[in-house]
Amino acid sequence: MKRAFYVTTPIYYISGNPHIGHAYTTVVADVLARTARTSGPAYFLTGTDEHGQKVANAATAAGTTPQAWCDELVPRWQKLFATYHVRYDDFIRTTEPRHESVVQRVFERLRDNGDVYLGKYEGWYCVNDETFWLEAKLVDGKCPTCGREVQWISEDDWFFRLSNYRDRLLQYYREHPEWVRPKSVYNEMVALLEEGLEDFSISRTNFDWGIPIPGGGGVIYVWFDALLNYISAIGWSSDPERFATYWPASVQLIGKEIARFHTLIWPAVLWALGEQAPELVFAHGWITVDGQKMGKSLGNAVDPFALAERFGADSLRYFLLREAPFGSDFSYSEAKIAQRHNSDLGNDLGNLVRRSLSMLFKYRDGVVPPGDATGSEVGAAMATLPQRVRSLILSLDFRGALEAVWELVVTLNRRIDDQKPWVLHREERDTELDALLYDLCEGIRWLAMLLHPVMPERTAEMWRQLGATAPIDADWSEALRWGGLAPGTRVVLGDALFPRIELDAAGS
RNA sequence: GGCUCGGUAGCUCAGUGGUAGAGCAGGGGACUCAUAAGCCCUUGGUCGCAAGUUCGAAUCUUGCCCGAGUCACCA
């Protein structure tokens, strides 16, 4: 089987409601997967992280079982992704048997080869944060992050021999300076490696909502369990051929706060299993509100459903990818979303489609005329655009990719003003008018295909208005040749693709 | 506090040694197919502060100021 592009998001911890940040990461993964598919196979995995004491406690508080609690919450996440037009190939839940069996097999394998050993863990433990603290870190004898009471825990725990992999990690970082991005996260991790790594506990005995350790002795620590989703979903140890198709992952998207799990512990675990580290781990930036990180605890989380309702999911997708360089933080505001929507999508793109199709109706009864038999200037100028766009997206430069696509938008708008089709029509210069109208329609076809990964729903509407019948997500190298739109195609004059959004004076 | 990143036009950002750039917003103009959109022209910056290196610094060094992130909850 051919190697495929494999992209993952973190699996989302099942507590509380999803916010716009969760949609962000997942949308980015979706755009990568959809773009990769324009030249070959791709696989996009997301899912939920469902074990751990916090989930157990929340379920108890709700008067239900942890499993029932998770079953109730999972659809909210799936609904979020559906709202944002995300099409994943697989949604894994860590409570599924296919995952649990892999985690247990991994544990057995590592215990057999000595990377996992039995030791004693003693320390102060905060239940809320699921975190062990050194005595020196405690504030007034309480948890330094949440301020709650901590308890003294002394237990026999299983440990992963992370310290053994420190030298190999350091060497790997030196030889692969691009494997963790952006650079700031890479630097942080190298600094941590230089300080040294300690073995860490991968078992818990003080609660039981987790994957049982084979042979007894508690449950597996939720983080160790969670990381393995990336390989349990693609058949590690159960379907070697399938696994080899996808692993190592092409891109693993994460948030900055979970970088050490994904870029220190995760590769070490993989190596302990005899597998390769992922090709790229990318920690993206935060959506901020007034420069402050968004989060439940800060009370400034934005409801992603309301936002999609107001601006349209595709406009939001465009905004998230276009507004800031990928990797940097960027500040969210409704005014900025509205500005992008109105300016880029409404004025430039939507209006281009509207004015082009309108003229096609006015001058040619809505039927695509033949193009210039001697070739199109626009077509020649845009010949390399698809491969540029794909390459920019797959290197995670979404902003650059969208700017490149806008070269075509600007070119077509300018062409209309330069050639003045209303004059061509008045003077009955039919061949010139045909050639121009053809280029406009063909250009719109290109735009629909090029932007489809970013705005799947609105581009499908463009496609419908254009009367195109071929698949919109076909292989670019085949479909994006100038002249692909058949003359004689009947277009449809539909509603505006991106109607203007007016914010009231107070709207910010 | 340690570490990391950033501070360039009103906004979002590009620009790593050689006379300050783009898009948006603002101003002006010519058009009319179009979502008062598009096109052309244009205003606007002592490149966080200070010192240093250099023939020459937004770009290198040092110090400082400000912002953010991370340091086992969190995209």
Side-chain angles (χ1 to χ4, degrees), chain A residues 9-10 12-13 15-16 18-29 52 54 126 128-133 137 143 145-146 182-192 194-195 198 200-201 221-223 253-261 264-265 283-288 291-298 301 322-325 327-331 333 335-336 339-340 342-363 399-400 403 406 409-410 412-418 420-425 437 440 495-501:
Chain A
T9 71
Y12 303 103
Y13 200 69
S15 67
H19 60 71
I20 187 68
H22 300 112
Y24 177 44
T25 313
T26 316
V27 161
V28 167
K54 236 194 316 199
C126 171
N128 182 67
D129 294 351
E130 294 178 19
T131 300
F132 287 93
W133 294 105
K137 288 264 188 182
C143 173
T145 54
C146 71
K183 202 72 194 165
S184 52
V185 174
Y186 174 94
N187 290 343
E188 293 264 9
M189 294 306 136
V190 169
L192 284 174
E194 283 168 347
E195 285 171 23
E198 288 178 11
F200 78 105
S201 162
Y221 177 44
V222 64
W223 257 111
L253 296 170
I254 60 168
K256 290 186 277 194
E257 78 293 339
I258 53 177
R260 63 193 296 157
F261 286 103
L264 299 178
I265 295 170
H284 63 246
W286 303 109
I287 300 171
T288 65
Q292 283 253 301
K293 184 171 153 183
M294 185 181 295
K296 295 184 287 262
S297 53
L298 294 166
R322 176 63 183 78
E323 187 66 13
S328 329
D329 294 351
F330 65 103
S331 81
S333 80
K336 283 177 181 165
Q339 190 179 68
R340 283 286 171 203
N342 288 337
S343 171
D344 296 4
L345 298 178
N347 297 351
D348 292 348
L349 176 62
N351 185 52
L352 169 67
V353 173
R354 172 60 79 93
R355 68 198 297 215
S356 300
L357 298 187
S358 161
M359 284 188 284
L360 190 63
F361 265 93
K362 201 158 280 189
Y363 305 140
R399 169 194 268 236
E403 282 173 346
W406 249 248
V409 174
V410 168
L412 295 174
N413 271 322
R414 187 180 293 143
R415 198 138 182 101
I416 294 173
D417 287 278
D418 288 349
K420 302 180 176 53
W422 47 95
V423 173
L424 298 179
H425 178 252
L437 291 173
L440 292 174
D495 292 334
L497 290 161
F498 303 96
R500 260 192 104 68
I501 295 170

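In the text below, chain A, chain B and the rest are named by the order of the sequence lines, each starting its count at 1. These numbers come from a predicted model, not from an experiment. The analysis underlying the following values was restricted to heavy atoms, covering all of them including side chains, and did not include hydrogens, waters or symmetry mates.
The base-pairing partner of B:rC74, taking Watson-Crick or G-U wobble contacts with both distances under 3.5 Å, does not exist among the strands shown. Base pairing of B:rG52: its partner is B:rC60, meeting the Watson-Crick or G-U wobble criterion (both donor-acceptor distances under 3.5 Å). Nucleotide B:rG6 forms a Watson-Crick or G-U wobble pair with B:rC66, both donor-acceptor distances falling under 3.5 Å. Nucleotide B:rA36 is matched to nothing when pairs are restricted to Watson-Crick or G-U wobble geometry with both distances under 3.5 angstrom.
Out of B:rA34, B:rC39, B:rC31, the shortest distance to the side chain of A:Ser358 is found at B:rA34. In the set B:rC33, B:rC5, B:rU12, the nucleotide with an atom closest to the side chain of A:Met359 is B:rC33. Listed nucleotides: B:rC24, B:rU35, B:rC31. Nearest to the side chain of A:Gln339: B:rC24. Among the nucleotides B:rA75, B:rC33, B:rU4, the one closest to the side chain of A:Lys362 is B:rC33. When distances run from any side-chain atom of A:Trp286 to the nucleotides B:rA75, B:rU35, B:rU4, the shortest one goes to B:rA75. Minimum atom distance to the side chain of A:Ile287 is reached by B:rA75, of the listed B:rA75, B:rC31, B:rC5. Side chain of A:Arg354, nearest nucleotide from B:rU12, B:rA34, B:rC74: B:rA34. Of all nucleotides listed (B:rG38, B:rC31, B:rC24), B:rC24 comes nearest to the side chain of A:Ser343.
Base engagement by A:Arg500 is indicated by at least one non-hydrogen atom pair under 4.0 Å involving a base atom. At a threshold of 4.0 angstrom between heavy atoms, the contacts of A:Leu357 with the nucleic acid are absent. Across all strands, A:Trp406 comes closer than 4.0 Å to no nucleic acid atom at all (heavy-atom distances). Contacts of A:Leu497 with the nucleic acid, taken as non-hydrogen atoms under 4.0 Å apart, include base atoms. Within the 4.0 angstrom heavy-atom criterion, only backbone atoms of the sugar-phosphate kind lie near A:Tyr363; the bases stay farther away. Here A:Asn342 lies out of heavy-atom contact (under 4.0 Å) with every strand. Backbone-only engagement by A:Arg260 is indicated by non-hydrogen atom pairs under 4.0 Å involving sugar-phosphate atoms exclusively. As judged by a 4.0 angstrom heavy-atom cut-off over every strand, A:Pro10 is placed among residues touching the sugar-phosphate backbone only.
A salt bridge links A:Arg340 with A:Asp344: the distance from a Lys NZ or Arg NE/NH1/NH2 to an Asp or Glu carboxylate oxygen falls below 4.0 Å.
Using a 4.0 Å cut-off, some side-chain N or O of A:Arg414 falls inside it from OP1 or OP2 of B:rC40. Between A:Asn413 and B:rA37 there is no side-chain polar atom (N or O) within less than 4.0 angstrom of OP1 or OP2. Between A:Lys256 and B:rU4 there is no side-chain N or O to OP1 or OP2 distance below 4.0 Å.
B:rA58 sits 14 Å from B:rA9 when the C1' atoms are compared, rounded to a whole Å. When the P atom is used for both B:rG10 and B:rG2, the distance is 34 Å, rounded to whole Å. Rounded to a whole angstrom, the distance from the C1' atom of B:rG45 to that of B:rA22 is 14 Å. Rounded to whole Å, the C1' atom of B:rU12 lies 25 Å from the corresponding atom of B:rA36. Between B:rA20 and B:rC5, the distance separating the two P atoms is 28 Å to the nearest Å.
Side-chain N/O atoms of A:Asp417 and base N/O atoms of B:rG38 include a donor-acceptor pair closer than 3.5 Å. The base of B:rG69 lies close enough to the side chain of A:Glu188 for a donor and an acceptor atom to sit less than 3.5 Å apart. In terms of polar N and O atoms assigned as donor or acceptor, the side chain of A:Asn351 comes within less than 3.5 Å of the base of B:rA34 in a complementary pairing.
A donor-acceptor pair shorter than 3.5 Å can be found between the side chains of A:Tyr12 and A:Thr26.
Both A:Glu195 and A:Trp223 sit near RNA chain B, but only A:Glu195 has its closest nucleotide nearer the 5' end.
Within the 3.5 Å criterion, the main-chain N or O of A:Ser333 finds no donor-acceptor partner in the side chain of A:Lys336.
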